[in-house]
Chemist: 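This is the structure, below, for whatever I ask next.
Quick note: residue numbers are just sequence positions, from 1. Atoms within a ligand are numbered from 1 in the order they appear, just like the ligands themselves.
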Amino acid sequence: MRITGMRTTPVAVPFRTDEIWAFGRRRGQVSVLLELETDEGVVGLGEAATYPSADIVLAVFASLEPLVVGADPLRIEQLVRRIDVVGTWHHVGASSPAIAAVEMACWDIAGKVCGQPLVNLFGGRFRDEVEFFWYVARAEPDEVAEEGRRATAAGFSTCYLKVGADGPRRDVERVAALRDGAGSGARIRVDANEAWSPGSAVRVIRELARYDLELVEQPVSGRNLDEMAHVRSRVDVPLLANEASWTRQAQLAVIKAGAADVISVDNQMDDGLANLRRSAGMCEAAGLPVVKHSLGELGVALAAAVHALAATPNARPAHQAYGALLTDDVVDGFGGPAANYARGHLAVPAGPGLGVELDRDRVERYADLYRREGAGFGFHDRERVHAAAALPKF
Ligand SMILES: [Mg+2]
């Protein structure tokens, strides 16, 4: 079997409210959809988050084409290593979302060839459905409380709140508001995206602990594991590594440094689903659960993640997805807005491969939106990018 063509389609799907975090703002999700065509008529679907930008991801796809077209889509490990080594992409982190999309599409082809849902190629269902959190972007405390009420009403058990965008005092007010809105039974996770100094992190986390936090995600720089271990030794709330743990090599360093209680993994940032499963295996051996990070994704990438996470025993805490923010999707009956989740959970798709198909009308609608307004959907707030603070902010 040979890959005969790669078709890429950038799409932009609006959020219902802007995503605001410590260093930026986004008004919607831009993804590049990938269709890998083969000489046997089977087409594999993939999706790349547009990190750090859509232009870069599209350029990486173009550069990969000579390595991908002509390759056997069932020799997935060999193809990814050929891209990494022959393509000399192994040292360039920004290339990973496009590589991961090719890998994802190959797994879709493999599942379709076998007539099996992808989860069965990864060892089968350890769980039938995968839990995701309700994403609360930075907002005023009364708006945060309202988001907590929405999350609980929609049946989500875990709320995730961005902190670190402005002063710690304001974040304490936001967390208090979220606890008030979501109720005493909700799990609350906060993500500072590295904004705090070690001293600030210890002080703020101790103060926030009274609101019964599930996890604090990347409170201090992910490039200084001694700082992370120092903070971890001085607070009772478990810490989740994220910016410190993009790759398997980085995750191993976090484990060795004793720098986190839970580790973020992300197939889009480390060449694909096979590596996500390797990451989870390494963390399992260290006694740590894993959480899937998301750069934002639509139903194709989300389905791929659900297959991998359903087969992974220590992928237990609620994972990151964008259901609370997305207004729509490009696949039918999977992902998209929170209303499509059952109590915050997504069931593993039953069809062969990823088990999702593109809705052509919606792909065309959101491809058109990307053509018209895609430049305004980037990761950075263009109005404020020059005013952004360096690390640590507080
Ligand atoms: Mg994070």
Chemist: Run the salt-bridge test on Arg150 and Glu143 with the 4.0 Å N-O cut-off and return the result as yes or no.
Modeler: no
Chemist: With salt bridge (charged side-chain N to carboxylate O under 4.0 Å, His left out) as the test, would you mind laying out the steps for Glu147 and Arg16 before giving the verdict?
Modeler: CA-CA 12 Å; Glu147 286 295 309; Arg16 70 175 170 82; 2.8 Å; yes
Chemist: Is a salt bridge present between Arg174 and Asp166, judged by a nitrogen-to-oxygen distance below 4.0 Å?
Modeler: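 Result for this pair is yes, salt bridge flagged.
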Chemist: Would you list the protein N, O or S atoms within less than 2.8 Å of the Mg ion (ligand 1), leaving out water?
Modeler: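 Hits for the Mg ion (ligand 1) below 2.8 Å: Asp191 OD2, Glu217 OE2, Asn242 OD1.
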Chemist: CH2/Trp107 to NZ/Lys112 distance, rounded to the nearest 0.5 angstrom?
Modeler: 15.0 Å
Chemist: Dump the intermediate steps for salt bridge (charged side-chain N to carboxylate O under 4.0 Å, His left out) on Asp72 and Arg75, then the final yes or no.
Modeler: CA-CA 6 Å; Asp72 181 344; Arg75 298 176 75 160; 5.0 Å; no
Chemist: Could you tell me how the ring of Phe132 sits relative to the ring of Tyr341: parallel (under 30°), tilted (30 to 60°) or perpendicular (over 60°)?
Modeler: perpendicular
